[in-house]
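Below is one structure, written out as structure tokens; the observations come after it.
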Amino acid sequence: MATKSKAYRAAAEKIGVDRFYTPTEAVALAKDTGSAKFDSTVEVALKLAVDPRKADQMVRGTVMLPHGTGKTARVIVFATGPAAEAAVAAGADEVGGAELIAKVAEGWTDFDSAVATPELMGQVGRLGKVLGPRGLMPNPKTGTVTPNPAKAVEEIKGGKIEFRVDKHANVHFIVGKASFTADQLGENLQVALDEINRLKPASAKGRYIQKGAVSTTFGPGIPLDVHVL
């Protein structure tokens, strides 16, 4: 087992044993446990009381973080014609039709999000083996299959994040950078929690959010008090 770094151990010592933190407390502590060498990303992980194998319990959605993510997302767009031109004007990192599809089919995934116009989804759908495992496949439920890709690009680059429960019923998402103020991180986290709670499946039983933790890149997890989420 790898030995934890001195910095990691020092950060972990700031987290109370057997203590659970409110979202406000957790993000404030995350700022204090982030790396001194770079601007750490603040991440959240939640364990939900859902069965992802059941279609009616697949929790998936998007939310606009009021203070953004602190990073500029790299967005590609599968589009042609005027839609492609608008996507370029909106700041898409790469735009194209058949040639871009072929590039991704060869294994290129140097981007954070993919958007497609409906008419190209028949071809983009064949990229499932490349995009699916990475959570990059365009989907109308998350607004990434749209006749207006320019708007999707603007939203994603403006702080829109996507979340999706995995096969173990966990949801992971980012809420900003350690350089954000505690208030900014807290507001971003609360907006994301509100949307996840809004999407609670009617068939989910018991406490919906069972466990949760906030952490920074390479940092220790800070347990969340699920009773206040």
### Summary
Separation between CZ (Phe38) and OG1 (Thr216), nearest 0.5 Å, reads 7.5 Å
### Message
Checking Ser179 now: which residues fulfil side-chain hydrogen bond (donor to acceptor under 3.5 Å, both in side chains) with it, not counting sequence neighbours?
### Response
Asp39
### Query
Are Thr22 and Asp225 linked by a side-chain donor-acceptor pair shorter than 3.5 Å?
no
### Task
Sequence neighbours left out, what pairs pass salt bridge (charged side-chain N to carboxylate O under 4.0 Å, His left out) with at least one residue falling in residues 111-121?
Lys71-Asp112, Arg74-Asp112
## Note on the structure
Sequence neighbours excluded, the answer for salt bridge (Lys or Arg N to Asp or Glu O under 4.0 Å) partners of Asp51 is Arg53
### Query
Can you name the side-chain hydrogen bond (donor to acceptor under 3.5 Å, both in side chains) partners of Arg207, sequence neighbours left out?
none
### Query
Looking at Asp56 and Ser203, what are the two nearest heavy atoms and their distance?
OD2-OG, 3.1 Å
### Close side-chain approach of Pro147 to Pro118, heavy-atom, < 4.5 Å
yes
### Query
More than 12 foreign heavy atoms under 6.0 Å from NZ of Lys151: is that the case here?
no
### Task
Working to the nearest 0.5 Å, report the span between CD1 of Ile76 and CG of Leu136.
8.0 Å
#### Entry: Spacing of Met64 atom CE and Asn188 atom CG [to the nearest 0.5 Å]
10.0 Å
### Heavy-atom side-chain contact between Pro140 and Thr146 under 4.5 Å
no
### Query
Are Val124 and Val77 joined in one hydrophobic group, where the rule is that I, L, V, M, F, W and Y side chains link up if heavy atoms are under 4.5 Å apart?
no
### Task
Walk me through it: do Leu48 and Asn170 pass the test side chain to side chain contact (heavy atoms under 4.5 Å, CB included)?
CA-CA 6 Å; Leu48 304 183; Asn170 298 313; over 6 Å; no
#### Entry: Heavy-atom pair with the smallest gap, counting every atom of Gly96 and Leu120
O-CD1, 4.4 Å
### Pairs flagged by side chain to side chain donor-acceptor pair (under 3.5 Å) wherever residues 88-99 is involved - sequence neighbours left out
Asp93-Lys157, Glu94-Lys103
### Query
Does the pair Lys160/Glu154 count as a salt bridge with the N-to-O cut at 4.0 Å?
no
### Query
Val42 and side-chain contact (heavy atoms from CB on, under 4.5 Å): which partner among Val214, Thr217, Ile174?
Val214
#### Entry: Nearest heavy-atom neighbours spanning Leu46 and Gly212
CD2-CA, 3.8 Å
### Query
Is there a donor-acceptor pair under 3.5 Å between the side chain of Glu187 and the backbone N or O of Gln184?
no
### Query
Could you give all pairs that pass the ring-ring contact (aromatic ring centres under 6.0 Å, His included) test and reach residues 81-110, with sequence neighbours left out?
Trp108-Phe111
### Query
Which atom pair, heavy atoms only, marks the closest approach of Val153 to Ala92?
CG1-N, 3.7 Å
### Query
Can you name the nearest heavy-atom pair linking Ala84 to Ala79, along with the distance?
CB-O, 3.5 Å
### Query
So how far is it from Arg19 CZ to Leu29 CG, rounded to the nearest 0.5 Å?
8.0 Å
### Message
Please check: side-chain N/O of Tyr208 versus main-chain N/O of Pro201, any donor-acceptor pairing under 3.5 Å?
### Response
no
### Task
Could you name each residue pair satisfying ring-ring contact (aromatic ring centres under 6.0 Å, His included) that touches residues 132-181, not counting sequence neighbours?
none
### Qualifying salt bridge (charged side-chain N to carboxylate O under 4.0 Å, His left out) pairs, either residue in residues 189-205, two or more places apart
Glu195-Arg198
### Under the side-chain hydrogen bond (donor to acceptor under 3.5 Å, both in side chains) test, residues paired with Thr144 that sit two or more places apart
Thr142
### Message
Is there a path of hydrophobic side-chain contacts, each under 4.5 Å between heavy atoms of I/L/V/M/F/W/Y residues, joining Leu193 to Leu199?
### Response
yes
### Query
Should Val115 and Ile101 be regarded as members of a common hydrophobic cluster, given that ILVMFWY residues are connected when their side-chain heavy atoms come within less than 4.5 Å of each other, either directly or indirectly?
no
### Query
Who are the side chain to side chain contact (heavy atoms under 4.5 Å, CB included) partners of Val27, not counting sequence neighbours?
Leu185, Leu189
### Summary
Contacts of Glu43 meeting side-chain hydrogen bond (donor to acceptor under 3.5 Å, both in side chains) (sequence neighbours excluded), chain-then-number -> none
### Query
Considering residues, nucleotides and ligands other than Lys211, do more than 12 of their heavy atoms fall under 6.0 Å from its NZ?
no
### Query
Val95, Met137: one ILVMFWY side-chain cluster at the under-4.5 Å cut-off?
no
### Message
Are Thr69 and Thr41 packed together at the side-chain level, in the sense that at least one heavy-atom pair is separated by less than 4.5 angstrom?
### Response
no
#### Entry: From Glu155 atom CD to Thr62 atom OG1, the distance as rounded to the nearest 0.5 Å
7.5 Å
### Query
What are the two closest non-hydrogen atoms of Ala204 and Ala49, and how far apart are they?
CB-O, 3.6 Å
### Query
Do any pairs count as a salt bridge (charged side-chain N to carboxylate O under 4.0 Å, His left out) and have a residue in residues 120-141, sequence neighbours left out, and if so which ones?
none
### Task
Using the rule that two of Ile, Leu, Val, Met, Phe, Trp, Tyr join whenever any of their side-chain heavy atoms come within less than 4.5 Å, decide whether Val171 and Val226 are in one cluster.
yes
### Query
Say you draw a straight line from CG of Leu127 to CG of Leu100; how long is it, rounded to the nearest 0.5 Å?
8.5 Å
### Query
Does Phe218 CZ have over 12 foreign heavy atoms under 6.0 Å away?
no
